Amino acid sequence: MSLADAGLLDRINGSARLMIVSDLDSTMVDHDDSENLSLLRFNALWEAYYRHDSLLVFSTGRSPTSYQKLRNKKPLLTPDITILSVGTEITYGESMVPDTGWTHHLNRKWNRDIVVEETAKFPELAPQSETQQRPHKVSFFVEKVKALEIMSFLSEHLEKRGLDVKIIYSSGIALDILPKSAGKGEALAYLLQNFEVDGKVPLHTLVCGDSGNDSEMFTIPKVHGVMVSNAQDEFLQWYKQNAKNNPNIIHATERCAAGIIQAIGNFCLGPNVSPRDIKDFKKCNVDIFSPGHEVVKFYLLYERWRRAEVDKSEQFVKNLKSGFCPFGIFVHPSGIEQPFHQCLDYMAKLYGDKTEHQFRVWVDRVSSAQIGSDTWLVRFYKWELSGDERQCCVTTVLMSLKQPDGFTWVHMHQTWLEGSRARDQTAWCF
Ligand code: GLC
Ligand code: MG
């Protein structure tokens with residue numbers, strides 16, 4: 001499996017402008033932020049300005065099962081590449097096609113049974129749950145005070161038994177044993193090598209992390225790196241000892257995804273103002289001629305209307321309407337067809353109906369194709385969270401571009417994402 005086979009490079013049509021390689025827990029995802037505000041800010045930024053020509057890579061310590069759990073709980077975008085189980089598994093695309101070449105390569109001087117046998121001699125090592133144990137990853141919990149000593153004992157023992165391993169301590173609690181050739185850094189180096197073979201190395205790469213298992217990514221030549229403000233001690237310690245004078249690495253003052261956005265600005269890697277932070281789109285000078293931005297903007301306005309975060313005015317609805325073709329049709333996921341303007345009139349009545357609910361809207365995987373001189377076909381996944389319920393529709397929109405006004409929505413069609421149909425279909429507006 002190569003990157004080209006995965007179809008990734010076709011989509012972005014050449015080298016990625018930016019490749020973000022981010023850890024998830026306490027980096028992309030802030031577990032202290034129940035509203036996921038910084039993650040949602042990042043999502044809007046990515047879909048509006050980066051999705052079409054850049055690559056999003058998640059690199060997590062989680063196993064496939066626990067990654068899925070996190071996805072079901074948090075509004076995570078779909079990454080182009082997913083690196084799982086501390087760099088021991090690499091998968092491509094939405095369907096997560098595994099890179100079997102990578103797994104093969106990890107078998108050198110690795111024997112899981114021997115690792116299990118040797119680690120059993122240390123009662124201080126408490127095995128993590130079965131779902132976190134993977135073919136090339138054996139994981140434990142261990143107290144900080146014991147960790148260093150055990151790590152040095154273990155690496156000696158395992159070496160004597162003919163293995164070549166890497167032992168990583170993260171978040172002041174987790175200890176992972178992997179083949180030496182695995183890890184988040186090695187996995188990233190492998191990806192970059194493959195891009196090089198295809199002659200398509202990303203223009204810029206930004207790595208983002210908060211804990212011990214992330215540090216390796218920061219040693220890859222030419223990458224920019226951000227340690228989020230809430231980075232763990234062991235990681236800051238590593239930075240002090242190994243990378244203090246590297247101008248390509250910053251310790252953000254912002255937590256988690258907000259720190260990633262901060263780094264994009266700091267290193268001048270591209271747009272760094274999330275559409276979520278723009279109060280008045282009319283007054284700001286952004287690239288309005290991108291379908292991604294158009295979609296993100298519309299759904300933000302829609303969210304703000306239903307949360308009553310904008311003034312209740314006829315002008316607001318009128319402005320929204322002006323972006324929709326008066327004769328345009330919306331095919332609702334229930335199958336019912338309605339003129340756009342009728343749907344917007346219905347929406348107008350729903351002002352503030354979601355102030356009590358944790359109502360959030362985000363879009364994922366926006367892609368577009370120009371199919372005529374001024375016509376675009378845009379496709380995306382539109383998610384809506386209301387209280388504990390969340391729904392998603394696969395959405396296709398035909399848009400026409402009329403400079404200098406921007407886009408007009410001409411036709412729209414939605415279908416429920418499998419397993420994500422609303423119980424009450426009439427409650428779904430757009
Ligand atoms: C994630 C994994 C865990 C691992 C830790 C540190 O939390 O679920 O198994 O030990 O990352 O890498
Ligand atoms: Mg983390």
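One-based numbering, in listed order, for ligands and for the atoms of each. Note that the structure is predicted; figures quoted are calculated from it, not measured. Values below: all heavy atoms of this structure, side chains included; hydrogens, waters and symmetry mates excluded.
Protein atoms of type N/O/S that fall under 2.8 Å from the Mg ion (ligand 2) number 3 in this view.
Applying the side chain to side chain donor-acceptor pair (under 3.5 Å) definition to pairs two or more places apart or across chains, those involving residues 164-173 are Lys166-Glu216.
Cation-pi geometry between Arg62 and Tyr67 is not satisfied (NZ or CZ under 6.0 Å from the ring centre, within 45° of the ring normal). Seen from the ring of Trp428, Lys382 counts as a face-on cation partner, given the 6.0 Å and 45° thresholds.
Taking each heavy atom of Ala308 and Thr355 in turn, the nearest pair found is CB-CG2, 3.7 Å.
Between Trp409 and the options Phe330, Phe298, Trp376, Phe430, a ring pair (Phe, Tyr, Trp, His ring centres under 6.0 Å) holds for only Phe298.
A donor and an acceptor atom, one from each side chain of Asp176 and Ser139, are located under 3.5 Å apart.
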Donor-acceptor pairs under 3.5 Å, side chain of residues 391-398 to any protein atom, not counting sequence neighbours: which ones?
residue	atom	partner	partner atom	Å
Gln391	NE2	Glu389	OE1	2.6
Thr395	OG1	Cys393	O	3.1
Thr395	OG1	Gln414	NE2	3.0

**Request:** Apply the test ring pair (Phe, Tyr, Trp, His ring centres under 6.0 Å) to residues Trp305 and Phe316: give CA-CA distance (whole Å), side-chain angles for both, the deciding distance (0.1 Å), then the verdict.
**Result:** CA-CA 9 Å; Trp305 181 260; Phe316 185 89; 5.1 Å; yes

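Between the side chain of Lys137 and the backbone N or O of Gln132, at least one donor-acceptor pair lies under 3.5 Å.
Closer than 4.0 angstrom to ligand 1 sit non-hydrogen atoms from Gly61, Arg62, Val86, Gln128, Gln132, Lys137, Ser139, Ser170, Ala174, Asp176, Asn213.
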